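These notes concern the structure reproduced below.
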Amino acid sequence: MSALVLTGARVGVGDVAAVARAARKVEIAPDVIGRLGKARKVLDQAAASGQQIYGLNTGLGANLGTSVEGDASAFQRQLLEGRSGAVGEALPVEAARATMFARVAMLSVGGSGLSPAVFVALVDALNAGVHPVMPSLGSIGAGDLVLMTSLARLLIGEGEADYQGRRMPAAKALMMARLAPVTLAPKDGLSLINASSVSAGSGALAVTDALSALAQQQQAGALTMEGIGANRTILDPRLHMARPAAGQQEAAKVLHDLLARDEAPAPTTLQDPLSIRCMPSIHGALIEAIGQARQAVEIELNAAADNPLVLGDDELVLSTGNFHTAALSLAFETLGLAVAQCAAASAARFIQLTGSGRNGLPKYLSPVGGTSAGFVPLQKTVTSVLAAIRHKANPVMLDFLPVSEGVEDHATQSPLAVAKCAGMIALWQRLIAFELMAAAQAVDLREGLTLAPGTGPIYAAVRAHVSMLKDDRPLGADAEVLRTMLANGTWRGAPTTG
C-alpha cells in the first residue's frame with residue numbers, strides 16, 4: 001500500500017480507516033512544512049508585538065484574563081499537566097490512531113502555528129506505531145481538549161503509550177521506536193490539544209462501518225425477500241423515480257440488481273409487510289444520513305479549526321469558535337436514528353420469517369415441527385438487541401452544563417454522539433446476522449426455489465459457516481460466527497452496486 005501524502009486538503013473517511021486499521025504510512029508534502037513554518041513565524045511576530053494570544057501568553061478558559069508569567073514554553077507543559085483529567089477505559093488502538101491522523105490532517109491545513117518539528121514528530125510517532133493510551137471520558141465536545149492531552153504528553157515523553165501491543169511509559173516507547181521527545185515552543189501544547197480530533201477520527205471509523213453494514217443489510221434484505229417469497233414489483237425503478245429521493249432510488253437499485261434474474265418467481269402475496277415493502281425507503285434514509293455524517297467528518301478533517309487561528313497569508317492571529325462541532329454531533333445523532341430505523345426493520349423481518357408461518361413457510365422455520373423451538377427463541381434475543389439500540393438512540397447533544405465559570409456555556413457532546421452511534425452500528429450487525437440466518441433457513445425450506453445470481457452468493461456465504469437447522473441446537477453460537485465476519489471484514493456476500 002502506497003503512503004498517503006498529506007497536502008492539507010482532500011482527506012476522506014477512507015484515508016482515516018486505512019491509516020487507523022491497515023497501518024497505511026503517512027508522508028508530508030513539502031509545501032505543508034512551508035505553510036506551517038510561515039504560520040509559526042506569524043505567530044511569533046504577533047507575540048513579540050505584545051498581542052494577547054489565547055493559550056500563548058494568556059491562561060485558558062476561566063484564566064483567560066491572567067497573563068502568563070515567565071517561560072512561555074514551560075507554560076505549555078503546565079497546560080498539558082493541568083488538563084490531563086480524562087478517565088475511564090482507554091480508547092482502542094485503532095481509535096487512537098484515527099485521532100492522531102485526524103489531528104495531523106487538520107494541522108496540515110496550517111492554521112495552528114504549531115512548530116513544524118512538533119508536527120513531524122507527531123507523524124513519525126503515528127508511522128512508528130507509537131500511540132497514546134487515551135482515557136475515553138472527559139470531552140464535552142467543545143474541542144476534545146482533555147482527551148487530547150494524552151497525545152501531546154506522548155510527544156514530550158510523558159504518560160503512557162501503546163507500542164507493539166504493549167503498554168509502557170511513553171518515554172520508553174519513543175526510545176524503543178528510536179524517536180526523541182520534543183520540546184514545546186509557545187502555544188505548541190495548545191495547538192496539539194485544542195481540536196475535535198477524537199470526534200472526527202472516531203467519526204470517520206463509524207461512517208466506514210456504517211457503509212459496510214448498509215451493504216450487508218441490503219444483502220440480508222434481498223435474501224429475506226427470496227426466502228419469504230416477497231412481491232418484487234416494489235423494486236420496479238419506475239415506482240422509485242416517482243419519488244425524487246436519491247437515497248431511496250439508490251437502495252432500490254441495489255435490491256433490484258441483487259434479485260434480478262431471467263424469470264422471477266411468482267409472488268406469494270399482493271403486498272408484503274412494511275418492513276419488506278418499504279425497504280428501499282428505510283435504507284434510502286440511511287444512505288442520506290451516512291452521506292451527511294461523512295460530509296460533517298470530512299469538513300473537520302480538512303479544517304483549520306484552531307483557536308486562536310493563524311491566518312498566514314494575512315499575517316493575523318485571531319480568536320475563533322471553529323473548534324465547535326454542533327454540525328458533527330447533529331449528523332451522528334441523525335445517523336444513529338437512521339441506523340435504529342434500519343435495525344428495527346431488520347428485527348421485524350426476522351420475526352415475520354420465524355413466526356407462525358407466512359407465505360407457506362413452516363412454523364418457527366423448523367423442518368420437523370412438533371415441539372421443536374426452531375428459530376422462535378431468537379425472537380427474544382433480537383428484541384433485546386433492538387432495545388439496546390433504541391436506548392442508544394436517545395440524543396445526548398443537549399446534555400451539558402456551563403463550565404469554566406461560564407466561559408464554556410455551550411457544548412456539543414460530539415465524542416459521546418459518535419461513540420453511541422458506533423455502538424449502535426455494532427449491535428445492528430448482530431441483527432443483520434440473525435436476519436441472514438433466518439433468510440437462509442427460509443430459502444432451504446422453500447421447495448423448488450432457484451436463487452438469483454446476486455442472492456446465491458449471499459446464501460452460500462451464510463451456509464459456508466452456518467448449516468441449515470434441522471433439529472434444535474444453540475443458534476446463538478451460529479449468530480456470533482456470522483456477526484464476527486460482518487464486523488471484521490471477512491464477510492463475503494454478493495457485491496452491491498447502485
Side-chain angles (χ1 to χ4, degrees), residues 214-243 245 247-284 287 342 345-346 348-363 365-367 375 432 434-470 482 491-498:
L214 169 64
Q216 296 158 0
Q217 181 65 88
Q218 293 272 69
Q219 293 170 13
L223 195 61
T224 290
M225 291 185 72
E226 294 275 38
I228 210 166
N231 191 328
R232 292 162 176 77
T233 58
I234 60 127
L235 301 178
D236 188 319
R238 294 168 295 184
L239 302 179
H240 301 283
M241 290 301 294
R243 186 169 188 250
Q248 176 181 326
Q249 292 169 4
E250 180 181 339
K253 184 179 187 309
V254 170
L255 291 167
H256 180 274
D257 290 350
L258 285 171
L259 289 159
R261 77 265 310 253
D262 292 335
E263 186 175 344
T268 57
T269 182
L270 176 63
Q271 288 193 162
D272 293 292
L274 297 185
S275 62
I276 297 172
R277 190 177 3 138
C278 299
M279 215 186 310
S281 300
I282 298 166
H283 293 184
I287 289 170
C342 275
S346 178
R349 289 190 295 273
F350 180 87
I351 291 174
Q352 293 287 351
L353 284 164
T354 60
S356 59
R358 176 179 289 277
N359 299 357
L361 292 172
K363 185 175 69 171
L365 293 182
S366 171
F375 274 70
I432 295 171
F434 285 128
E435 184 178 354
L436 284 167
M437 286 171 54
Q441 182 79 0
V443 166
D444 285 328
L445 296 173
R446 192 167 290 286
E447 293 183 7
L449 175 63
T450 300
L451 293 175
T455 54
I458 303 170
Y459 168 84
V462 176
R463 285 290 172 253
H465 299 277
V466 176
S467 62
M468 177 185 176
L469 178 71
K470 296 179 181 177
L482 283 187
W491 167 255
R492 294 292 180 266
T496 57
T497 58

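In what follows, residues are counted from 1 in the order of the sequence shown. Values reported hereafter were calculated over all heavy atoms of this structure, with side chains retained and with hydrogens, waters and symmetry mates removed. Bear in mind the structure is a predicted one, so any value in this text is a computation, not a measurement.
Remark: the backbone N or O of L469 is paired with a side-chain donor or acceptor of Q441 at under 3.5 angstrom. Remark: side-chain polar atoms of N359 are paired, donor with acceptor, to backbone N or O of I228 under 3.5 angstrom. Side-chain N or O atoms of R232 include one that pairs as donor or acceptor with a backbone N or O of A230 at under 3.5 Å. With hydrogens and angles disregarded, no donor-acceptor distance shorter than 3.5 Å links the side chain of R349 to the backbone of Q352. In this structure, N231 contributes its side chain and T269 its backbone to a donor-acceptor pair below 3.5 Å. Formation of a donor-acceptor pair under 3.5 Å by the Q249 side chain with backbone atoms of H240 is found in this model. For R261 (side chain) and L259 (main-chain N/O), a donor-acceptor pair under 3.5 Å exists by modelled atom type.
Rounded to the nearest 0.5 angstrom, D257 CG and L235 CG are separated by 9.5 Å. Here the straight-line distance linking atom CD1 of I458 with atom CZ of R492 works out to 14.0 Å at 0.5 Å rounding. Taken to the nearest 0.5 Å, the CG atom of L255 stands 7.5 Å off from the CD1 atom of I234. Interatomic distance, R277 CZ to L270 CG, rounded to the nearest 0.5 Å: 8.5 Å. Note that the CG atom of L361 and the OG atom of S366 stand 12.0 Å from one another [nearest 0.5 Å]. Here the OG1-CZ distance, from T233 to R238, works out to 10.0 Å after rounding to the nearest 0.5 Å.
In this model, a donor atom of one side chain and an acceptor atom of the other lie less than 3.5 Å apart for T224 and E435. Of the N and O atoms on the side chains of H283 and Q217, not one donor lies less than 3.5 Å from an acceptor on the other residue.
Contact check for L449 versus Y459: no side-chain heavy atoms found under the 4.5 Å cut-off. W491 places none of its side-chain heavy atoms less than 4.5 Å from the side chain of I432. Between H256 and P237 the shortest side-chain heavy-atom distance falls below 4.5 Å. When side chains are defined from C-beta on, L223 does not count as touching Q219, because their heavy atoms never get closer than 4.5 Å. Looking only at side-chain heavy atoms (C-beta outward), I282 and M279 stay at 4.5 Å or farther from each other. Between F350 and M437, every side-chain heavy-atom pair lies at or beyond the 4.5 Å cut-off.
Counting all heavy atoms, side chain and backbone alike, P280 lies closest to A251 at O-CB, 3.6 Å. Minimum heavy-atom separation, F375 to L365: CD1-CB, 3.9 Å. In terms of heavy atoms, T455 sits closest to A222 at CG2-CB, 4.0 Å. Shown here for P453 and A260, the closest heavy-atom pair between the two residues is CD-O, 3.3 Å. When all heavy atoms of R243 and S281 are compared, the closest pair comes out as NH1-OG, 4.2 Å. The two residues T354 and A438 have their closest heavy-atom pair at CG2-CB, 4.0 Å.
Under the rule for a side-chain hydrogen bond (donor to acceptor under 3.5 Å, both in side chains), R446 has no partner lying at least two apart in sequence or in another chain.
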